[in-house]
Amino acid sequence: MMFTVWAPEAERVRVRVDGADHAMTAATGGWWRADVTGTDYAFLLGDDEKPLPDPRSLRQPHGVHEASRVYDHSAFAWTDSGWTGRPLPGGVVYELHLGTFTGGGTFDSAIERLGHLVDLGITHVELLPVNSFDGTAGWGYDGVLWGAVHEPYGGPDGLKRFVDACHARGLAVVLDVVYNHLGPSGAYLDRFGPYFAGATDWGAGLNLDGPGSDEVRRYVIDNALGWLRDFHADGLRLDAVHALVDKRATHLLEELAAEVEELSAAVRRPLTLIAESDQNDPKLVTTREGGGYGLGAQWSDDLHHALHVRLTGETTGYYTDFAAPGALPKTLREVFFHNGTWSSFRERTHGRPLDTRKALGHRFLAYLQNHDQIGNRATGDRLSATVSPGKLACGAAVVFCSPYTPMVFMGEEWAASTPWQFFASFPDPVLAEAVRTGRRREFGRHGWGEADVPDPMDPATVARSRLDWAEPGREGHREMLELYRTLIRLRRERPELADPRLAGLVVEAAPDDSWLVLHRGALRLACNFGAEEVTVPLGGTADEVLLTWGAPGPDLAGQAAVRLPGESFALVSTGP
């Protein structure tokens, strides 16, 4: 078979195949080639005798520091030939971490729980990164070989079995991918060529616009297309795209979106790119015809922050500005709270306004919780650890009755009591201690006792973060699960709730945001976040009660206003 590698600055390259070294021949564009028969292989650059794994490796059976293994995509027996995909509009996304979703922490053990997601009404399963990283346990954001599936999860065949099983159950699969940096252990890209330029908060950034960047961009785009084409993924969640520094006329994201669109036409199923961005810039999801990048959707952190402040009362750090009166209604109507306005956290103006006359809400993901907003708290505590069931119910109702695409973090649907903490398992003791110490010092500066911060290298931290699948049947958890199931069903049955049009969206609220009424066609969601009973106008006469939590039931019919006890909501249809 032909082994190839891009190493434009090397004067000599060898490939070690099954223990034997073979000289490679220089080709055009900095590529090297060798026709050799074998299975396990690694590259030796110049006179260096240290073998390095393939930057485009598809399998790392012995870890990120060891030899790569040849992998044949055509050998897997797919059964999803009838799968036509799922578009994101009207969908519900479920974010899960493979290693803690089940006790087994593998693709195969996760397959056993897919029935729960189908019963809940989920349409898209979003996996935190599953590409290779050093160690056995971790969030996945320290990946260093972007095309190889983490072996402890089940390797490339395990991922294919998972995707195949999801498709058999009508579930689309979105993979979280990280192109803005590499992890601190096992990152050998810089040995091969000019892959890096500048820096991000997490390490060296990619060279996307400097000398040699054509092949670096190709490396990213080919990797993305590979997940969608060869692993049959239905979409990608692009981590922290604001850290992708690209000054070219055509940004990498626009180039990627165009090629994904071409692939979508070829495989005849929708393929979705979802960005995480800190820029509050609608350009990401504006069509290319409209001057944007043409991505399918992006996360909406501002809506999370506004809801978090309303539910918890926390107003420190980046939550400070969201304590302002009207923050939640504004964000519900306009997506971005910071849209060219002052951000006290950043100490500058931030964001750009979204044209709500043209924008569609399904392009923005709404959520109460996600891996970052839980795991980056010192103790990894979920909202359910400190927020009452009534407030949780109100928050969920707002998310599912909003014009945006709802996203649920695993276990949220039953108010899981298990935390989700930061963990890693770097074998290098020096690196492990640096991560452990750095984590504790970081939170110590924010007022936490260092002894209270879980040791990220302790296997017990991973164990605490695993879901307890006995909880959904227990009192207190069972009721929340039924609420989520009902909200998702109503969103599917009542088109008004999934209507993505933002123009004319009406949100009425108390001066202090203690209650709000969300107008969705003829439907009204009335929420009381406060502790005291309030009377809330419906803007019409209630003729049917669809769902309540802690509020009066059928006797609301015929009323133009509803008396809501503290921490309750009512979803009703109204007449003229």
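One-based numbering along the sequence shown. Values below: all heavy atoms of this structure, side chains included; hydrogens, waters and symmetry mates excluded. As the structure is a computational prediction, the values presented were derived from the model and not from experiment.
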Under 3.5 Å: donor-acceptor pair, side chain of [X], backbone of [Y]:
X      : Y      : result
Tyr484 : Ala396 : no
Asn370 : Gln373 : yes
Asp234 : Val174 : no
Trp139 : Gln421 : yes
Trp469 : Phe101 : yes
His150 : Tyr153 : no
His338 : Gly351 : no
Arg524 : Leu538 : yes
Gln369 : Leu383 : yes
Arg520 : Leu525 : no

Run Tyr141 and Asp372 through side-chain hydrogen bond (donor to acceptor under 3.5 Å, both in side chains) and show every step you take. CA-CA 11 Å; Tyr141 295 93; Asp372 270 331; 6.0 Å; no
May I ask you to say whether [X] pairs ionically with [Y], meaning some side-chain N is under 4.0 Å from a carboxylate O?
X      : Y      : answer
Glu412 : Arg382 : no
Lys283 : Asp281 : no
Arg466 : Asp468 : no
Glu314 : Arg377 : yes
Arg237 : Glu276 : yes

Rounded at 0.5 Å granularity, tell me how far [atom1] in [X] sits from [atom2] in [Y].
X      : Y      : atom1 : atom2 : value
Leu236 : Leu271 : CG    : CG    : 8.5 Å
Thr379 : Arg464 : OG1   : CZ    : 10.0 Å
His167 : Leu114 : NE2   : CG    : 11.0 Å

Please check if atom [atom1] in [X] has more than 12 non-hydrogen atoms from other residues, nucleotides or ligands closer than 6.0 Å.
X      : atom1 : answer
Arg489 : CZ    : yes
Arg352 : CZ    : no
Glu544 : CD    : yes

Taking the six-membered ring for Trp, are Phe409 and His97 ring centroids under 6.0 Å apart?
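So the answer is no for these two rings.
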Between Glu261 and Arg288, is a salt bridge (charged side-chain N to carboxylate O under 4.0 Å, His left out) present by the stated rule, with each step listed? CA-CA 11 Å; Glu261 188 175 299; Arg288 293 195 302 281; 3.1 Å; yes
message = What verdict does the side-chain hydrogen bond (donor to acceptor under 3.5 Å, both in side chains) test give for Asp321 and Ser344, after you've listed the backbone C-alpha separation in whole Å, the side-chain angles of each residue and the deciding distance to 0.1 Å?
response = CA-CA 7 Å; Asp321 293 341; Ser344 64; 2.6 Å; yes
**Message:** Show, in sequence, the C-alpha distance, side-chain angles and deciding distance for Gln279 and His350, and conclude whether the side-chain hydrogen bond (donor to acceptor under 3.5 Å, both in side chains) test is met.
**Reply:** CA-CA 7 Å; Gln279 294 175 322; His350 183 64; over 6 Å; no
Between Gln298 and Ser277, does a side-chain hydrogen bond (donor to acceptor under 3.5 Å, both in side chains) hold up when you go through it step by step?
CA-CA 7 Å; Gln298 69 182 88; Ser277 173; 4.9 Å; no
Identify the heavy atoms of [X] and [Y] that sit nearest to each other, and give their distance.
X      : Y      : answer
Val177 : Leu238 : CG2-CD2, 3.6 Å
Lys330 : Asn339 : NZ-OD1, 3.4 Å
Ala257 : Gly294 : CB-O, 3.8 Å

With a 4.5 Å cut-off on side-chain heavy atoms, are Val92 and Phe400 touching?
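Yes - at least one pair of side-chain heavy atoms lies under 4.5 Å apart.
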Cation-aromatic face contact Arg161/Trp78, 6.0 Å, 45 degrees: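 No.
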>> For the residue pair Lys391 and Phe529, would you count it as a cation-pi contact if the rule is NZ or CZ under 6.0 angstrom from the ring centre and within 45 degrees of the ring axis?
In response: no
Open item on the list: Any donor-acceptor pair under 3.5 Å linking the side-chain atoms of Ser573 with those of Asp543?
Closed with: yes
List the steps and the verdict of ring-ring contact (aromatic ring centres under 6.0 Å, His included) for His305 and Phe337. CA-CA 9 Å; His305 298 347; Phe337 177 74; 10.0 Å; no
